[in-house]
Amino acid sequence: MDAFDILFIINAGFIVLSGLGVVFSERVMQSALWLIFSLVGVANVFLLANSEYLWVIQISVYGGGIAVLLLFAGRLTSNEEDHFVFDRNDFIYSFAIVVLMLANLLIYGLDSLPISEGNIYSTDDGNLLLQEFFQNIWQTDQGLGIILPFIALLFLAALLASVKLAIKEEEE
Amino acid sequence: MKSYTTSQKKYEISHIQYNYNFNRLFQWSHVMSDHQPFSAFIETLSGLPGGSGDLKTGLAIAISTLLLGTYIMILQLFGPYVERKIMARQQGRKGPYYVGWRGILQIPADLGKLLFKEDTMPENADRFGFFMSIYLIGLTSIMSFSPLPFGKDLMGGDMTVGILYIFAIFSIFPPAMFIGGWASNSKYALIGGFRSAGQLLAYEIPMFLAVLGVIGVVGSFSLETITEYQIQHGWFMFRYWGLGFVAALIFYIAGLAETERIPFDIPEAEAELVMGPRTEFSGWRYAIIMMAEYVHLTVNSLLFIYVFLGGYDFWPFPADMSPEFINNLRHNQIVQFVVMFFKFFLFVFLATTVRTAFPRMRIDQLLSFGWKQLLPISLAAMLGILWLEGVFV
């Protein structure tokens with residue numbers, strides 16, 4: 001375990017913590033702030049993988065641009081002043097489904113990787129490992145791989161959730 | 001000539017060498033070269049007996065980076081003093097006069113006062129947002145110093161993404177300011193935050209497009225490589241039949257808007273919005289916000305100097321059109337350091353003159369000026385520069 005592993009673990013913990021912050025903050029703006037932290041943490045993973053360019057682009061596009069977009073959307077669309085609270089139960093269920101799907105995808109991708117022992121982020125060549133990871137997700141022996149059904153399921157979940165939200169609004 | 005080839009070589013190494021050792025942790029390991037003033041210090045400390053060599057090198061690099069960072073902080077601390085003094089002269093006043101020689105210690109005295117003031121927070125303010133926005137603003141402004149060279153090799157870190165890094169770090173500023181405005185639970189601050197975020201977004205794009213032509217010509221994001229290119233080929237501002245000047249002008253205007261200075265200080269228009277998103281911040285929080293503003297002014301001025309005005313170079317002509325002794329002087333690090341000092345305060349003077357001379361714009365004028373005029377012109381200037389350089393042939 002060298003300095004990079006320690007940095008990676010610290011950063012991963014930071015991402016997970018800020019992800020939890022996004023989910024469990026009561027106020028939308030606080031969630032957005034946590035989201036900025038989480039996206040910057042993801043950017044730092046690119047830095048650890050030696051991709052400075054991706055790091056910078058991730059920070060400027062997601063940490064800056066998308067964050068402002070979300071903040072504007074959060075402020076301009078909430079009709080209650082400062083007290084927009086999620087419906088906790090629905091939210092937790094849909095969140096759990098998405099997390100399960102993402103975990104499945106991650107495990108599937110990581111499962112077939114040649115990871116050497118005692119090294120959590122790379123073999124000899126970090127770029128090759130990343131390449132292989134995405135190849136594993138995109139294509140398998142059967143054909144299209146896991147990513148297409150994954151996206152289909154994600155959109156289906158989003159569609160169902162939006163239908164449910166629309167029905168709820170009509171009831172109100 | 002010699003030092004330029006050295007730079008090229010180093011640049012290639014920084015691209016190719018990807019080894020996961022402790023040195024890689026310090027991006028600044030490229031700083032160590034024969035020309036570096038700190039290199040003697042770094043080598044001495046690395047050669048001391050005991051301890052791991054990598055650790056000592058890292059420590060030495062950290063100390064030299066700290067020295068450079070302190071220099072920039074002190075430099076930008078005197079920005080406001082110079083600004084107030086010049087502004088007072090232009091308005092027929094004396095300006096700061098009593099604290100220190102000719103009032104030179106006025107800004108440190110103000111800073112001390114702000115740091116010891118009571119720390120107040122509005123009732124019903126969002127504690128998390130109120131704290132975190134200030135934290136983000138202070139952190140990002142100090143982080144932006146890293147890729148600025150104050151002489152050849154005299155920099156925090158020669159990243160391959162140099163100028164993009166500064167843009168990325170600055171892009172965190174609008175959401176942080178917006179959240180700060182929202183968290184203060186004040187209408188002035190909230191509206192100011194909206195305006196600030198909209199303005200910063202609108203002017204970031206022409207600013208970047210104005211630089212993009214130069215980046216395309218040089219083929220590198222590194223500010224040092226851009227400066228070395230200008231030493232060889234002349235300053236970009238005076239090249240390409242005026243297109244360089246157009247791009248420079250757009251960059252300067254957009255830079256003023258990014259720093260929210262006077263013709264563009266709509267987010268904190270005093271008459272309507274008190275202090276904009278900064279309204280509720282007092283004491284050390286206000287000190288950090290003011291610091292961040294002057295850091296923005298500093299870094300934007302320095303970016304302009306590096307990209308269009310030859311960086312630490314003092315002679316605007318190409319190397320093959322210049323006498324030999326001037327070429328030698330251009331590669332002298334002490335001369336480069338002094339040149340940077342004077343160029344920086346020249347830009348403080350320029351910004352102050354603009355501040356005293358121009359009235360404030362309206363928010364709709366500002367946004368339509370940014371999106372409808374600056375953006376297409378900067379795009380055209382970029383394409384023109386690339387065409388004149390023969391990129392499209």
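Letters go in sequence order (proteins before strands), and every chain restarts at 1. Hydrogens, waters and symmetry mates are skipped; everything else that's a heavy atom, side chains included, is used.
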Undergrad: Parallel, tilted or perpendicular for A/W55 and B/Y165, by the 30°/60° rule?
TA: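 Judged by the thresholds at 30° and 60°, the geometry between A/W55 and B/Y165 is tilted.
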Undergrad: Only pairs of heavy atoms separated by less than 4.5 Å count here; which of B/S171, B/A176, B/P174 has the most with chain A?
TA: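 Highest number of pairs under 4.5 Å: B/S171.
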Undergrad: Taking all atoms of both residues into account, what is the closest heavy-atom pair of A/V56 and B/L164, and its distance?
TA: CG1-O, 3.4 Å
Undergrad: CH2/B/W182 to CD/A/Q30 distance, rounded to the nearest 0.5 angstrom?
TA: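 Here the interatomic distance stands at 5.5 Å.
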Undergrad: Of the backbone (N, CA, C, O) and the side chain (C-beta and beyond), which part of B/F194 lies under 4.5 Å from a heavy atom of chain A, both, or neither?
TA: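 It is both, since atoms from each part get that close.
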Undergrad: For A/V68 and B/L200, what are the C-alpha separation, side-chain angles and deciding distance, and is it a side chain to side chain contact (heavy atoms under 4.5 Å, CB included)?
TA: CA-CA 10 Å; A/V68 170; B/L200 293 177; over 6 Å; no
Undergrad: What part of B/L136 gets closer than 4.5 Å to chain A, counting heavy atoms only: side chain, backbone, both or neither?
TA: side chain
Undergrad: With rounding to the nearest 0.5 angstrom, report the CE to CD1 distance, B/M132 to A/I36.
TA: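 That separation rounds to 11.5 Å.
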Undergrad: Can you tell which of B/A183, B/G198, B/G193, B/A168 has the highest number of heavy-atom pairs within less than 4.5 Å of chain A?
TA: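 Between B/A183, B/G198, B/G193, B/A168, the count favours B/A168.
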Undergrad: From B/I179 CD1 over to A/L71 CG, what is the distance, rounded to the nearest 0.5 angstrom?
TA: 4.5 Å
Undergrad: Side chain, backbone, both or neither: which part of A/V61 has a non-hydrogen atom closer than 4.5 Å to chain B?
TA: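 The answer is neither part of A/V61.
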Undergrad: Answer yes or no: does atom CZ of B/F130 have more than 12 heavy-atom neighbours from other residues, nucleotides or ligands under 6.0 Å?
TA: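 More than 12 heavy atoms, drawn from other residues, nucleotides or ligands, come within 6.0 Å of this atom.
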